[in-house]
Structures are given as structure tokens and as C-alpha cells.
**Student:** 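Quick one: the structure is below, and I'll ask about it shortly.
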Amino acid sequence: MIEVSDLTKHYPHAGRAVAALDGVNLRIGQGEIYGIIGRSGAGKSTLIRCLNLLERPDRGSVRLGDEELTALGERALQQRRRRIGMVFQHFNLLRSRSVAANVRFPLELAGDLSAAQMDARVDELLALVGLQDHRHKRPAQLSGGQKQRVGIARALANQPEVLLCDEATSALDPETTDAILVLLADINRQLGLTIVLITHDMRVIRQLCDSVAVLDHGRVVEQGKVLDVFLQPQHAVTQSLLAETGLGQAALLGQWRERIAMPLLKLSFVGAPALQPVLDKVGRTAGLRLNLLSGTLAEIKHTPFGLLLAAVVASDVELPALPAIFAREGVRCEVL
Ligand SMILES: Nc1ncnc2c1ncn2[C@@H]1O[C@H](COP(=O)(O)OP(=O)(O)OP(=O)(O)O)[C@@H](O)[C@H]1O
Ligand SMILES: [Mg+2]
């Protein structure tokens, strides 16, 4: 659906050009929810602005479907941009317009529909985001979550193929964040819409995304299916982002390693085995006694997963045999 090749963008800083994006490659599938995560200044907003070409990259290409956006002239691009919806961190609503009029605005700009058709479309969109009862309010009379619902409805007005979200939940409290993430997941399912979502929060990635790319200093340092990246993070930035949300073991591991002389096991459970008494079973058959050091049980997009870090107190089998024994129970075991 979206193919980004060698995307590079420099900004002048202190008399020289500094790369905000440095050879970024991405492939985002039709109907996928694709997360882009990174620390502040990693280049996330620059990347999303280059995806709809609000910003022209210095080098590289962006393809949407079978069209190369980077090859289009300004006029054609303006047409094409209507098929790309955008949701902002600070909502960017028009203060003097009502909720309904904000949602209607992009329809007026496009000029494809009659007044009656526009009204019908606005009704449909307000129902989709659950704001029918607030249509006459001004943005100032809405909560943050409601403002973002208006932002989402407006972004969907012209039936985009892609929805770009730049930190769409960063200004919201955790509960409201959850509600907006549920709404985005519903929209993705109902409309089959491809969503590209930028965040600095791994919990957002875990709840919503199918795939993720980790951006650092303008480069993609890691990408893949969310489950794979969460269970086997490769890059230090990914590991520390996970550790901050309590979903990684990297930080903890460093501390424990120094203090514990016993061998350590990292056990990853995905899907059904996460809910089975696997430790008890292997413990008895292999005479394995463990001291649990840390553990997480959570869900990634409705798939349960668990991560355990344990020290081996005793084992009847040689340690190198343990991964195969755990594998028979559907659990990945690494001897650290
Ligand atoms: N218009 C600009 N002019 C000059 N430098 C810029 C401009 N926009 C971004 N930069 C620089 O490019 C780098 C990447 O910025 P960007 O806004 O893409 O980061 P980000 O990952 O979105 O950060 P945050 O999480 O804080 O929003 C930063 O070093 C920033 O200072
Ligand atoms: Mg940003």
C-alpha cells in the first residue's frame, strides 16, 4: 500500500545540513496498522510529513498504491492528498466552527458533494466517532478525547485510503487514550483503512499495531511484526523503550546478571501456552527448579504473551537441552 524508499531529509542547523531522515525504507501493507516509534527528535514527524509530501524529501520516493507521490506535480499532489487523512496531536480544529462544521470543512474544500450529501456524510461520520449529541458545540466546549474524535471524523471525511496519526493520543490521559485506540482499531476493521501511527509510547504500539518500525537519529533501526519485536527486541533503543513500559527485561537483566551466579533463563510465551501451567509441567519432568526474577503477562492486539526471567536453582537435564523441552510446550527458552 505504501512503499518508502531511501527517504532522506536534511535541515540546516548551525550552518550545516543535519539529517532528520537518513535513508528510510518502509513497506506498509493494505489494511495494516503500522506504528512508528522513537525518541524525541528521532525524525518521526518529519517522516509522516514526508509521507503526504507536506515536506519534500531531499532524496528517495514515496509510493501510495501504484502511484509515486514524489513524482507528482503540486496540483496532482493536492488532489491525491485528499486520499490521505491526517490526525494531529493538538487536534488543529477550527475554533469558530461547530463540531459538525469542522467535519464538513474538508468536504467543502473538495467540492465533490451537494450540500445535502455533505450533511448526510457529516451525520455518518459523527455517528462513527460517537459525537452525534455534540454536533452544535464549539471545540472549546469539548474534552480532549472528544476533540480528537472530531479530528478523526474530519480526517475520514473524504474517504481516505490511509490515515496518518502523529501522536494522536499524546495529549490525552490513559483512559481517554484507550478509548481513542479502540476507536482507531474499529475504524481499521470496519473500513479496512490503512493506518500509520506515530508515537513514543510502546503501550500504544502494543494495543493497536500489527507492525512497528523503530526510528533513531533518522534511521529505521528495527522493524517487524509487533509480537516479534516485543519478544525479541534487537536494538538498544527498542530494548530501552520496552523496559520503560515494564514490558522489557533488558534493564533488569543488567542488574541481575551481576548479582546472581546461577544461569538465567528467558522464557517467552505467545498465545495459548501463555495461559498453560507449562512451568509446572517442565519443572516436574525435567526436575527444573526456578527462582522467578521478573515476569510480564500482557496482550498484544488480543494475543496473550508472557515474558519470564528466571534463575536456574536445579535441573536434572543439561541446560542446553532445556530449549527443546520448552519448545515442545510451545514456549521459547533461551539460556542466558
Ligand atoms: N522545520 C525544521 N527546521 C529545522 N530542523 C527541523 C525542522 N523540523 C524538524 N527539525 C529537526 O529534525 C529532527 C527531527 O525532528 P522531528 O520533529 O521529526 O522529530 P520527532 O521524532 O517528531 O520528535 P518529537 O517526538 O519530539 O515530536 C530534530 O532534530 C529537529 O530539530
Ligand atoms: Mg514529532
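Note that ligands are numbered from 1 as they come in the structure, with each ligand's atoms numbered from 1 the same way.
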**Student:** Considering Glu55, Lys44, Arg39, which one's heavy-atom position lies nearest to atom 25 (O) of ligand 1?
**Tutor:** Lys44
**Student:** Is Gly43 close to ligand 1, meaning an N/O of one under 3.5 Å from an N/O of the other?
**Tutor:** yes
**Student:** With atoms numbered from 1 as shown, which atoms in ligand 1 lie under 4.0 angstrom from a non-hydrogen atom of Ala20?
**Tutor:** 12 (O), 13 (C)
**Student:** With a cut-off of 2.8 Å, does Ser45 place any N/O/S atom under that distance from the Mg ion (ligand 2)?
**Tutor:** yes
**Student:** State whether Asp123 and Arg135 are salt-bridged, where the test is any N-O pair (Lys NZ or Arg NE/NH1/NH2 against Asp/Glu carboxylate O) under 4.0 Å.
**Tutor:** yes
**Student:** Would you say atom 1 (N) of ligand 1 makes contact with the protein, given that contact here means a non-hydrogen protein atom less than 4.0 Å away?
**Tutor:** yes
**Student:** To which protein heavy atom is atom 26 (O) of ligand 1 closest, and what is the distance rounded to 0.1 Å?
**Tutor:** Ser40 OG, 2.5 Å
**Student:** Which residue holds the protein heavy atom closest to atom 15 (O) of ligand 1, what is that atom called, and what is the gap in Å?
**Tutor:** Thr46 OG1, 3.7 Å
**Student:** Under a 3.5 Å threshold, yes or no: a donor from one side chain and an acceptor from the other, between Ser211 and Glu32?
**Tutor:** yes
**Student:** Would you say ligand 1 has an N or O under 3.5 Å from any N or O of Ala42?
**Tutor:** yes
**Student:** Please determine whether a side-chain nitrogen of the Lys or Arg among Arg104 and Asp119 lies less than 4.0 Å from a carboxylate oxygen of the Asp or Glu.
**Tutor:** yes
**Student:** Check whether more than 12 heavy atoms from other residues, nucleotides or ligands sit under 6.0 Å from atom CZ of Arg39, and answer yes or no.
**Tutor:** yes
**Student:** Between the side chain of Asn188 and the main-chain N/O of Gly31, is any donor-acceptor distance below 3.5 Å?
**Tutor:** yes
**Student:** Decide whether Gln232 and Glu334 meet the rule of one side-chain donor and one side-chain acceptor closer than 3.5 Å.
**Tutor:** yes
**Student:** Quick one: which ligand 1 atoms are inside 4.0 Å of a heavy atom on Ser45?
**Tutor:** 17 (O), 18 (O), 20 (P), 22 (O), 27 (O)
**Student:** So, 4.0 Å and heavy atoms of Gly38: is ligand 1 close enough to count as a contact?
**Tutor:** no
**Student:** Is it the case that more than 12 heavy atoms not belonging to Lys301 sit under 6.0 Å from its NZ atom?
**Tutor:** yes
**Student:** Which atoms from ligand 1 have a heavy atom of Arg49 less than 4.0 Å away?
**Tutor:** 8 (N)
**Student:** Taking NZ, NE, NH1 and NH2 as the nitrogens, is one of them in Asp228 or Lys225 under 4.0 Å from a carboxylate oxygen of the other?
**Tutor:** no
**Student:** Do me a favour and list the nearest non-hydrogen protein atom to atom 28 (C) of ligand 1 with residue, atom name and distance?
**Tutor:** Gly41 O, 4.0 Å
**Student:** Using a distance threshold of 4.0 Å (strictly less than), state whether atom 30 (C) of ligand 1 has a protein heavy-atom neighbour.
**Tutor:** no
**Student:** Are any of the side-chain nitrogens in Glu67 or Arg63 under 4.0 Å away from the carboxylate oxygens of its partner?
**Tutor:** no
**Student:** Any idea which protein heavy atom is nearest atom 9 (C) of ligand 1, and the distance to it?
**Tutor:** Tyr11 CE1, 3.3 Å
